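Before any comments, here is the structure.
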Number of protein chains: 2
Amino acid sequence: MEWSIQQIARLAGTTSRTLRHYGDVGLVVPSRVGENGYRYYDSAALVRLQRVLLLRELGLGIPAIADILTGQRDDTVALRAHLEWLTNEKQRLDRQLASVARTISDLERGEKPMADKMFDGFDHTIYKSEVEERWGSDSYATSDKCYTSMSQSEKDDFLLTAAELASDWAAAAERGVAVDRAEAQALAQRQCDWLVGIPGAPKSADGRPTRQYFTWLADSYVDDERFAVNYGGVIGATFVRDTMRVFADAHL
Amino acid sequence: MEWSIQQIARLAGTTSRTLRHYGDVGLVVPSRVGENGYRYYDSAALVRLQRVLLLRELGLGIPAIADILTGQRDDTVALRAHLEWLTNEKQRLDRQLASVARTISDLERGEKPMADKMFDGFDHTIYKSEVEERWGSDSYATSDKCYTSMSQSEKDDFLLTAAELASDWAAAAERGVAVDRAEAQALAQRQCDWLVGIPGAPKSADGRPTRQYFTWLADSYVDDERFAVNYGGVIGATFVRDTMRVFADAHL
DNA sequence: GCTTGACCTTGACGTAACGTCAACCTCTAG
DNA sequence: CTAGAGGTTGACGTTACGTCAAGGTCAAGC
């Protein structure tokens, strides 16, 4: 028994285009090709096609299926690997689902979820629980209240100052020891000045950030990779931290 | 303040290639382009880029993000639509996960899950619960035992007979009323003969399928889309059913 | 002024698995 | 003989960039 390409497509519940594609990649080849170029498939081809379609429905890719059909890979092994990949995909989707749901609720309550991302990596005051735990429960609230009362351009400026500072830090860190001490200390001074403008940052009587807070921030830049990445990675952040420590010893 | 393409890429945690892509599609365009062709980005561009990257991490596509940024769509509405799409994807993944897991366990217990798919749409005996419920608990077991004792070539022949029959049915149904009665009844006879060879099919004393089973099968071809698709869709299956009914009235 | 190296540009191909024309040939039934 | 269904190869489109390739630009050191 022999079928034309359309007939076997209908039998197997797929399309002729798919059959041609499988022929092109060598997954399911016609059992016979007429001298007019027509493709014909026999029962063995139909059985093979059914297996391919089953595995495709399970989500396996064409190369993986080819490995199974040629006997290069055991089917249970391949399916187990595929199961793991499916599990990872599911987890990724779950995380996205949660993020989207949270973003929606944030938007509906009038909050600005964009702000998080924008400050991410520049300002510790966004990490509510951590900051409150270490520096008092109204530290975050103060910072947040101040930020939400800013105009858009003020927010931009605020963010930009932080971004610019981080950029300069990263550039300096890249040159590493080649940067002279005065330049490095000037950056630390800018960092200090920037903290003065942050309402949530703990400050001593003279208005400057406390030494404890300043050194904690410096350590965080290395320990927390959410920040390190913006300051030239762990290596760059280490340079930033050391420079800030020297500054703290001298001026705070 | 202005940054080069690499600088803003580092600031935002992405790549320069992505920036160029966004420029090409008009999502985030440089605030200035030097006469040497260099792209430069200002603070507004950085803010916009941050929003884009946030939405991308949530899984939104570029056109959707563009709609949001131009104000053509409300962000909560777009996110809600995206949430629904994510939910569907998750369900699809869940189904695939379950199928893969079941297939693995089937394979390990020595069963042949491919058989299901091959018979799918040709033979009711594969639908364990339904068949048992209607035609006795050992109907499925008998059929299954017989099938697993077949050699591979015998299985292929068995399947092929069914597939060929379905194909001929579909072809006849396509021509519809144009096919003459004798031909249609001949097909019904082949269907009847085929059922004789199926161990699980209920048979009367003379060895032929019971009339009840035959008509039930005919009805199923229309009612169950898993079968209808192989017999020329609902329209085709209706023709098959009516032909089989006529045959049953005359011969069973 | 020259070299070196980092950074910039545009252009183009590759990705997964087909869907979808387009242009043209082949078979079959009336 | 012709219409229509069905076949062929070829090629582009899809998603969001990654990854060369070839070549221009800029800052720094000799």
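The basis for the numbers below is simple: all heavy atoms, side chains too, and nothing from hydrogens, waters or symmetry mates. Fair warning: this is a prediction, and the values are worked out from it, not measured in the lab. Each chain gets a letter, A, B and so on, in the order the sequences are listed, and its residues count up from 1.
- For Lys90(B) against Lys90(A), the heavy-atom pair with the smallest separation is NZ-NZ, 3.0 Å.
- Residue-to-nucleotide contacts include a donor-acceptor pair under 3.5 Å from the side chain of Tyr38(B) to the base of dG24(D).
- One atom, CG of Leu60(A), and another, P of dA16(C), lie 14 Å apart when rounded to the nearest Å.
- Annotation: side chain of Gln96(B) is not in contact with side chain of Glu57(A) (no heavy-atom distance under 4.5 Å).
- Between the CH2 atom of Trp3(A) and the C1' atom of dG6(D) there is a distance of 19 Å, given to the nearest Å.
- Contact annotation: Gln6(A) does not reach the phosphate of dA5(D) (side-chain N/O to OP1 or OP2, under 4.0 Å).
- With sequence neighbours left out, the side chain to side chain contact (heavy atoms under 4.5 Å, CB included) criterion links Val77(B) to Arg73(B), Asp74(B).
- Rounding to whole angstrom units, NE2 of residue His21(A) and P of dC12(D) are separated by 17 Å.
- Between the CZ atom of Arg39(A) and the P atom of dG6(D) there is a distance of 17 Å, rounded to whole Å.
- Rounded to the nearest 0.5 Å, atoms CG (Leu97(A)) and NE2 (His82(B)) are 8.0 Å apart.
- Whole-Å rounding puts the Glu2(B) CD to dC7(C) P distance at 18 Å.
- Note that the two end axes of the helix from dG1(C)-dC30(D) to dG30(C)-dC1(D) enclose an angle of 40°, each drawn from 5 base pairs, rounded to 10 degrees.
- Taken to the nearest 0.5 Å, the CD1 atom of Ile68(B) stands 6.0 Å off from the CG atom of Asp75(B).
- We find the CG-CG distance between Leu58(A) and Leu86(A) to be 8.5 Å, quoted to the nearest 0.5 Å.
- Between Ile5(A) atom CD1 and dT9(D) atom P the separation is 9 Å, expressed in whole Å.
- Residue Thr18(A) has its side chain nearest to dC18(C) when only dC18(C), dC8(C), dT9(C) are considered.
- No side-chain heavy atom of Trp85(B) sits less than 4.5 Å from a side-chain heavy atom of Arg80(B).
- Among the atoms of the strands shown, only primed sugar atoms or phosphate atoms (P, OP1, OP2) are found under 4.0 Å from some heavy atom of Ser4(B).
- One finds the OG1 atom of Thr87(A) at 10.0 Å from the CD atom of Glu89(A) (value rounded to the nearest 0.5 Å).
- For Arg56(A), whose side chain is taken as the heavy atoms from C-beta onward, the closest listed nucleotide among dT10(C), dT8(D), dA17(C) is dA17(C).
- Candidate nucleotides dT9(D), dA17(C), dG19(C) were compared by shortest atom distance to the side chain of Thr15(A), and dG19(C) ranks first.
- Residue contacts for Arg20(B): at a heavy-atom cut-off of 4.0 Å it reaches a base atom on one of the strands shown.
- In this model, a side-chain donor or acceptor of Arg17(B) finds a partner on the base of dT19(D) within 3.5 Å.
- No salt bridge links Asp42(A) with Arg32(A); every basic N to acidic carboxylate O contact stays at or beyond 4.0 Å.
- Following rounding to the nearest Å, Leu49(B) (CG) and dA16(D) (P) show an atom-to-atom distance of 16 Å.
- Going from atom CG of Asp106(A) over to atom OG1 of Thr76(B) covers 12.5 Å, rounded to the nearest 0.5 Å.
- Using a 4.0 Å cutoff on non-hydrogen atoms, the parts of residues 22-37 of chain A near DNA chain C are Tyr22(A), Asn36(A), ordered by number.
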